[in-house]
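Comments concern the structure below.
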Amino acid sequence: MASEDTIIGNELILEIGDGNSPEVFTPFCAIGDVSGLGETKPQVDVTTICDDARTFRNGLKEGNEMTVAANMIQGDAQTRALFEQYQSDEIVNFRYRFKDVSPAEYFAWSATVLSWNIAAPIGEKGVMTFGMKISGAVEWIYEGAP
């Protein structure tokens with residue numbers, strides 16, 4: 001695969017779930033930036049008295065804290081929904097979908113909204129930023145997999 005096949009940021013579409021069953025995901029088009037999607041595993045020291053050196057293994061994976069920054073668009077229902085989900089402590093389901101790819105391929109995760117803030121500098125675009133904590137595992141879904 002050549003380096004020119006690299007995904008550009010706007011070729012990944014952030015989608016937000018509606019919380020219904022079955023869940024419907026729609027593109028969150030007000031988003032200008034998403035950062036921090038991922039997981040980490042702590043090292044657990046499992047050294048015993050019979051070991052000659054420290055021995056470690058991976059602990060439980062933990063979702064990162066992440067940031068989603070949305071352009072302030074008056075009346076944007078999804079930005080308002082995230083604000084309301086912060087207020088009500090709801091878990092929100094997301095997908096980061098590769099645009100125009102068949103079969104579908106995307107990352108899927110759930111997160112709780114930890115914080116929000118607004119930056120509206122004079123002469124610049126207004127941005128509403130949400131801090132989130134991933135809850136559970138992040139899955140990389142490839143619908144064409146056997």
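Keep in mind that what you see is a predicted model, and the values were worked out from it rather than measured. One-based numbering along the sequence shown. Basis for what follows: all heavy atoms, side chains included, without hydrogens, waters or symmetry-related copies.
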Please find the pair of heavy atoms, one from [X] and one from [Y], that lie closest to each other, and give the distance.
X	Y	answer
Phe56	Asp45	CD2-CA, 3.7 Å
Ile13	Pro27	CG2-CB, 3.8 Å
Tyr142	Pro103	OH-CG, 3.7 Å
Thr79	Ala30	OG1-CB, 4.1 Å
Val138	Gly38	CG2-O, 4.3 Å
Ile31	Val34	CG2-CG2, 3.6 Å

ring-ring contact (aromatic ring centres under 6.0 Å, His included) contacts touching residues 65-84 (sequence neighbours left out):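 Every pair satisfying ring-ring contact (aromatic ring centres under 6.0 Å, His included) with a residue in residues 65-84: Phe83-Trp116.
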Hey, what do you get for [atom1] ([X]) to [atom2] ([Y]), rounding to the nearest 0.5 Å?
X	Y	atom1	atom2	result
Thr47	Asp52	OG1	CG	11.0 Å
Gln43	Arg54	CD	CZ	11.5 Å
Leu60	Lys41	CG	NZ	9.5 Å

Decide whether [X] and [Y] are clustered together by the hydrophobic rule: side chain heavy atoms of Ile, Leu, Val, Met, Phe, Trp, Tyr closer than 4.5 Å, transitively.
X	Y	result
Leu14	Tyr106	no
Val68	Tyr96	yes
Val101	Phe25	no
Phe98	Ile16	yes

Thr40 vs Asn64, side-chain contact (heavy atoms from CB on, under 4.5 Å): CA-CA, chis, key distance, verdict: CA-CA 7 Å; Thr40 57; Asn64 292 345; 3.5 Å; yes
All pairs passing salt bridge (charged side-chain N to carboxylate O under 4.0 Å, His left out) where residues 122-137 contributes a residue, at least two apart: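 Passing the test, one end in residues 122-137: Glu62-Lys133.
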Met132 vs Leu82, side-chain contact (heavy atoms from CB on, under 4.5 Å): CA-CA, chis, key distance, verdict: CA-CA 10 Å; Met132 301 185 190; Leu82 273 184; 3.7 Å; yes
Stepwise side-chain contact (heavy atoms from CB on, under 4.5 Å) check, Tyr86 with Val92: CA-CA 10 Å; Tyr86 165 80; Val92 186; over 6 Å; no
For residues 107-114, which side-chain N or O atoms pair as donor and acceptor with protein atoms under 3.5 Å away, sequence neighbours left out?
residue, atom, partner, partner atom, Å
Ser110, OG, Asn93, OD1, 2.5

Note, Met66 side chain near Phe130 side chain (heavy atom, < 4.5 Å):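 The answer is no, as the side chains (C-beta and beyond) never meet within the 4.5 Å cut-off.
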Other residues, nucleotides, ligands: >12 heavy atoms within 6.0 Å of Ile118 CD1: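 Counting other residues, nucleotides and ligands, CD1 of Ile118 exceeds 12 neighbours.
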Asp18 side chain vs Asn20 backbone, donor-acceptor pair below 3.5 Å: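 Side chain of Asp18 to backbone of Asn20, a donor-acceptor pair under 3.5 Å: yes, one is there.
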